[in-house]
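Data block below; observations after.
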Number of protein chains: 2
Amino acid sequence: MLLSTKGEYGVRCMLDLAIHYGQGPISIRDISKREGISKNYIEQLFVRLRHAKLIKSVRGPKGGYLLISQPRRIKIGDVVRALEGPIAAIRCVQPQNSKDLCERISTCVLYILWKRLTDKINEVLDSTTLEGLCREGMKLSKHRLAHPLPFQI
Amino acid sequence: MLLSTKGEYGVRCMLDLAIHYGQGPISIRDISKREGISKNYIEQLFVRLRHAKLIKSVRGPKGGYLLISQPRRIKIGDVVRALEGPIAAIRCVQPQNSKDLCERISTCVLYILWKRLTDKINEVLDSTTLEGLCREGMKLSKHRLAHPLPFQI
DNA sequence: ACAAATCTGACTAATTTTGTCAAGTATAAA
DNA sequence: TTTATACTTGACAAAATTAGTCAGATTTGT
């Protein structure tokens with residue numbers, strides 16, 4: 001599996017923030033209820049998203065989290081990479097430490113394959129934005145509901 | 001990371017068999033030396049590849065393993081799936097057990113995204129064969145060596 | 001002051017990964 | 001027929017990662 005629940009849940013939470021974009025700070029408690037993800041775990045995910053400057057927090061009562069940029073400026077690739085680290089087919093394409101380094105890299109046919117795959121993955125993730133998902137979601141729910149929002153994510 | 005060392009090493013070993021295709025059974029001992037992967041671990045990988053009917057074994061002295069089909073008939077996707085199980089972006093796209101099942105699946109925008117990504121990944125893996133890699137490898141080594149084989153993989 | 005919310009770090013159970021090891025079985029060659 | 005070679009199987013285990021939980025501190029609006 002390419003993504004762990006960190007990536008999966010994190011993207012869900014970010015989409016939740018995108019859906020409520022412009023409505024002021026959204027609390028973890030609300031997101032937790034809507035998404036069925038534990039408050040504590042969301043806090044952990046939001047630490048990473050905050051460090052990556054994708055969200056910001058407002059403390060105190062009526063506080064919560066907001067997207068730093070507009071949903072159309074936030075690529076799913078940015079979100080996933082903030083949560084999971086660099087996305088790659090195998091380690092040698094995105095070496096994290098010295099033991100990932102491979103001395104054959106420059107002449108290795110498999111490196112070429114894994115690199116091509118890695119690029120394709122990131123291409124797909126970077127060609128979708130939070131806004132794009134919101135729009136697709138609205139289309140989906142129009143078929144089922146009288147009013148388009150809120151839709152299931 | 002999409003693949004663990006099971007997938008990485010397994011593909012390396014299969015490419016090694018492809019390079020020596022037509023030369024009779026290749027022993028694990030030889031592959032182990034060439035690829036720098038422990039004999040015991042290769043044995044484990046080959047159990048899966050044999051069950052998937054990608055390789056067959058010949059016992060006794062001068063025994064070893066052979067590809068069942070021609071290198072051009074073996075897609076990297078087949079190899080990877082034999083070693084790692086179904087390849088997917090996240091679990092809900094390829095549910096392995098009941099807890100992976102998601103009741104929102106039919107109306108979920110994220111499912112659409114993860115499915116699209118999963119399809120793209122398998123597309124890349126299935127568009128490359130062992131023979132294709134052999135050819136690319138020969139091209140690479142021609143630039144460095146007087147004779148094209150054996151090349152580094 | 002109080003309550004609502006974020007923030008931080010420590011902790012942990014479960015699972016997966018990445019192997020090792022030992023004791024077989026099958027078979028070709030001497 | 002003996003023997004060495006090589007595959008075969010299953011058990012075991014250390015290390016890393018995953019998927020969280022928990023306690024407590026901090027901030028701030030009312």
Q: Between protein and nucleotides 21-30 of chain D, map the contacts as a letter string: B base, S sugar-phosphate only, - none, heavy atoms under 4.0 Å, written 5' to 3'.
A: BB---BBBB-
Q) Under 4.0 Å between a side-chain N/O of A:Thr5 and OP1 or OP2 of D:dA19, yes or no? A)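 Answer yes for this pair, as a side-chain N or O of A:Thr5 is under 4.0 Å from OP1 or OP2.
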Q | Phosphate OP1/OP2 of D:dA19 contacted by A:Ser4 side-chain N/O (<4.0 Å) | A | yes
Mind calculating the distance between [atom1] ([X]) and [atom2] ([N]) to the nearest angstrom?
X       : N      : atom1 : atom2 : answer
B:Arg29 : D:dA4  : CZ    : P     : 14 Å
B:Asp30 : D:dA6  : CG    : C1'   : 11 Å
A:Met1  : D:dT17 : CE    : P     : 18 Å
B:Ile42 : D:dA6  : CD1   : P     : 14 Å
A:Leu3  : D:dT18 : CG    : C1'   : 14 Å
A:Lys6  : D:dT17 : NZ    : P     : 10 Å

Q. Honestly curious: do B:Met1 and A:Leu2 fall in one hydrophobic cluster under the side-chain, below-4.5 Å linking rule?
A. no
Q. Got a salt bridge between B:Glu84 and B:Lys6, using NZ or NE/NH1/NH2 to carboxylate O under 4.0 Å?
A.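 Answer for the salt bridge query: no.
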Q.
Running the 4.5 Å side-chain criterion over Ile, Leu, Val, Met, Phe, Trp and Tyr, what cluster does B:Leu66 land in, apart from itself?
A.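 B:Val58, all in the cluster of B:Leu66.
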Q) Which residue pairs pass the salt bridge (charged side-chain N to carboxylate O under 4.0 Å, His left out) test when at least one of the two sits in residues 64-77 of chain B, sequence neighbours left out? A)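 Sorted result for residues 64-77 of chain B: empty, none.
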Q: Determine yes or no for a side-chain-to-main-chain donor-acceptor pair under 3.5 angstrom, with B:Ser127 supplying the side chain and B:Val124 the backbone.
A: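 Checked: pair present.
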Q.
Whether the side chain of B:Ser32 engages the backbone of B:Ile28 through a donor-acceptor N/O pair (distance < 3.5 Å, no angle test) should be reported.
A. no
Q) For DNA chain C, which nucleotides open and close the run of contacts to chain B, 5' to 3', at under 4.0 angstrom from a non-hydrogen atom? A) C:dT17 to C:dA28
Q.
Under the rule for side-chain hydrogen bond (donor to acceptor under 3.5 Å, both in side chains), what residues qualify as partners of B:Arg81, not counting sequence neighbours?
A. B:Asp78, B:Asn122, B:Asp126
Q: Go through A:Asp119 and A:Lys115 one step at a time and tell me if the salt bridge (charged side-chain N to carboxylate O under 4.0 Å, His left out) criterion holds.
A: CA-CA 6 Å; A:Asp119 290 345; A:Lys115 181 70 166 62; 3.1 Å; yes
Q) Could you give all pairs that pass the side-chain hydrogen bond (donor to acceptor under 3.5 Å, both in side chains) test and reach residues 47-65 of chain A, with sequence neighbours left out? A) none
Q: With heavy atoms under 4.0 Å as the rule, sort B:Tyr65 into base, sugar-phosphate or nothing.
A: sugar-phosphate
